[in-house]
Amino acid sequence: MEWIILILIGIAGSSLGSLIGMGGGIIVVPALLYLATLPSFSHLTPQVVVGTSLFTMIFTGLSSTLAYMKHKTVDYKSGFIFLIGSGPGSILGAWVTEKLDLHSFNIYFGVFILFISAVLVVKDKLKPIPFRKDKGIIRTYTDNSGTTFEYGYNPVLGILIAFIVGFLSGIFGIGGGSLMVPTMILLFFFPPHVATATSMFMILPTSILSSITHISLGNVNWLYALALIPGAWVGARVGVYLNSRFKSKTIVLIIRTTLIVVGIRLIYQGITG
């Protein structure tokens, strides 16, 4: 019974995570934390929950990236550029976590996440950050509804913003995709399909690096990971399939709804922690 529950959690988390580019942790972590309150899972600690979830996300990232490659929606160049900033930023953020009072910060950051969700409502009225096209990266993409997007950014600015996003994500442990996807959509006007696919491509190497640390600390429950991985692999394919079928506005709506849930959860953690 425990294995069936874990497989279903893996499918649900990975499906939503790969659909909107935020990884599976947004479902897996709170689900495992809830299970930890039950007698059968009472041995789970928050550290093991996070470590096991991050290890599972390696397979979510790999499965969804392979699937998105077939749809040609991954912007590899942008993904590597953003990783230059987000990688060191997330490491620094995780280190700074030890020095901060996270309860009050969770409240502030939860409000910030809700603000981002609200901004996504008026995103069509915003203008991208200006940059010189002869010194920037320009991309075009046509989605499944026939709409053509042009987006771009200055690489140096992209790395700087990715560092800030990685830093904040590292502090609050919410996963880089929770902020990187709306950042790509709002600041650089990435098409939602491309932002999602590129985020999942970025999640793969970052989850590998994070998992190495948690494995060395003994924070991975291998039996539970083996139960979660099949669900994560299948769920990622489901999420990619749904992403290819949905219109851009639908994906933005799902991202907004997910951000609201994340924001409320952070505020609740800050108040009750």
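Within the 4.5 Å cutoff, the side chain of Y76 has heavy atoms near those of the F201 side chain. Residues L114 and I260 meet the side-chain proximity criterion, which asks for heavy atoms closer than 4.5 Å. Contact annotation: the side chain of T183 never approaches that of F82 to less than 4.5 Å [non-hydrogen atoms, C-beta and beyond]. Within the 4.5 Å cutoff, no side-chain heavy atoms of F55 are placed close to those of L228. Side-chain atoms of K77 and R139, non-hydrogen and from C-beta on, do get closer than 4.5 Å to each other.
V74 and M69 get closest at one heavy-atom pair: CG2-N, 4.3 Å. Considering all non-hydrogen atoms of both residues, L16 and T258 come closest at CD1-OG1, 4.3 Å. The heavy-atom pair separating V220 from A225 by the smallest distance is CG1-CB, 4.4 Å. Summarising the geometry of I251 relative to F246, their closest heavy-atom pair is CG1-CB, 4.0 Å, with the distance given to 0.1 Å. Minimum interatomic distance between I81 and P155 (heavy atoms only, all atoms of both residues): CG2-O, 4.0 Å. Of all heavy-atom pairs between M200 and G21, the closest is SD-CA, 3.6 Å.
Hydrophobic clustering, with ILVMFWY side chains joined whenever heavy atoms are under 4.5 angstrom apart, keeps V181 apart from V261. Residues I215 and L217 are members of separate hydrophobic clusters, defined by side-chain heavy-atom contacts under 4.5 angstrom among Ile, Leu, Val, Met, Phe, Trp and Tyr. Grouping the Ile, Leu, Val, Met, Phe, Trp and Tyr side chains by contacts below 4.5 angstrom, directly or via other members, places W222 with L54. There is no path of hydrophobic side-chain contacts, each under 4.5 Å, that joins V156 to M184. Clustering ILVMFWY residues whenever any of their side-chain heavy atoms sit less than 4.5 angstrom apart, transitively, puts L242 in the very cluster that holds I27.
Taking CG of L8 as the start and CH2 of W3 as the end, the distance is 13.5 Å to the nearest 0.5 Å. Taking OG of S53 as the start and CG of N221 as the end, the distance is 12.5 Å to the nearest 0.5 Å. The CD1 atom of I255 lies 11.0 Å from the OG1 atom of T250; values are rounded to the nearest 0.5 Å. L253 CG to S248 OG: the interatomic distance, rounded to the nearest 0.5 Å, is 12.5 Å. Note that CD1 of I185 is 10.5 Å distant from NE2 of H193, once rounded to the nearest 0.5 Å. Distance check, rounded to the nearest 0.5 Å: OG1 of T60 to CD1 of I11 gives 11.0 Å.
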Could you go through the side-chain contact (heavy atoms from CB on, under 4.5 Å) check for Y153 and S78 one step at a time?
CA-CA 9 Å; Y153 54 92; S78 297; 2.5 Å; yes

Which is it for L44 and Y224 under the side-chain contact (heavy atoms from CB on, under 4.5 Å) test, yes or no, and what are the steps along the way?
CA-CA 10 Å; L44 280 176; Y224 288 176; 3.8 Å; yes

Is there a side-chain contact (heavy atoms from CB on, under 4.5 Å) between T196 and L19? Walk through the geometry before answering.
CA-CA 7 Å; T196 298; L19 170 62; over 6 Å; no

Output, in order, the C-alpha distance, side-chain angles, deciding distance and verdict of side-chain contact (heavy atoms from CB on, under 4.5 Å) for L259 and L120.
CA-CA 10 Å; L259 288 174; L120 280 170; 3.8 Å; yes

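Between Y141 and Y151, the ring center distance fails the sub-6.0 Å criterion. Here Y34 and F41 keep their ring centres 6.0 angstrom or further from each other.
The backbone N or O of Y241 sits less than 3.5 Å from a side-chain atom of S244, completing a donor-acceptor pair. Using modelled atom types, no side-chain atom of T52 and backbone atom of V49 make a donor-acceptor pair closer than 3.5 Å. Proximity of a side-chain donor or acceptor of T198 to a complementary backbone N or O of D75 within less than 3.5 Å is detected. Remark: the backbone N or O of S18 is paired with a side-chain donor or acceptor of Y68 at under 3.5 angstrom.
Considering S64, S15, S63 as possible partners of R237, the one that fulfils the side chain to side chain donor-acceptor pair (under 3.5 Å) test is S63.
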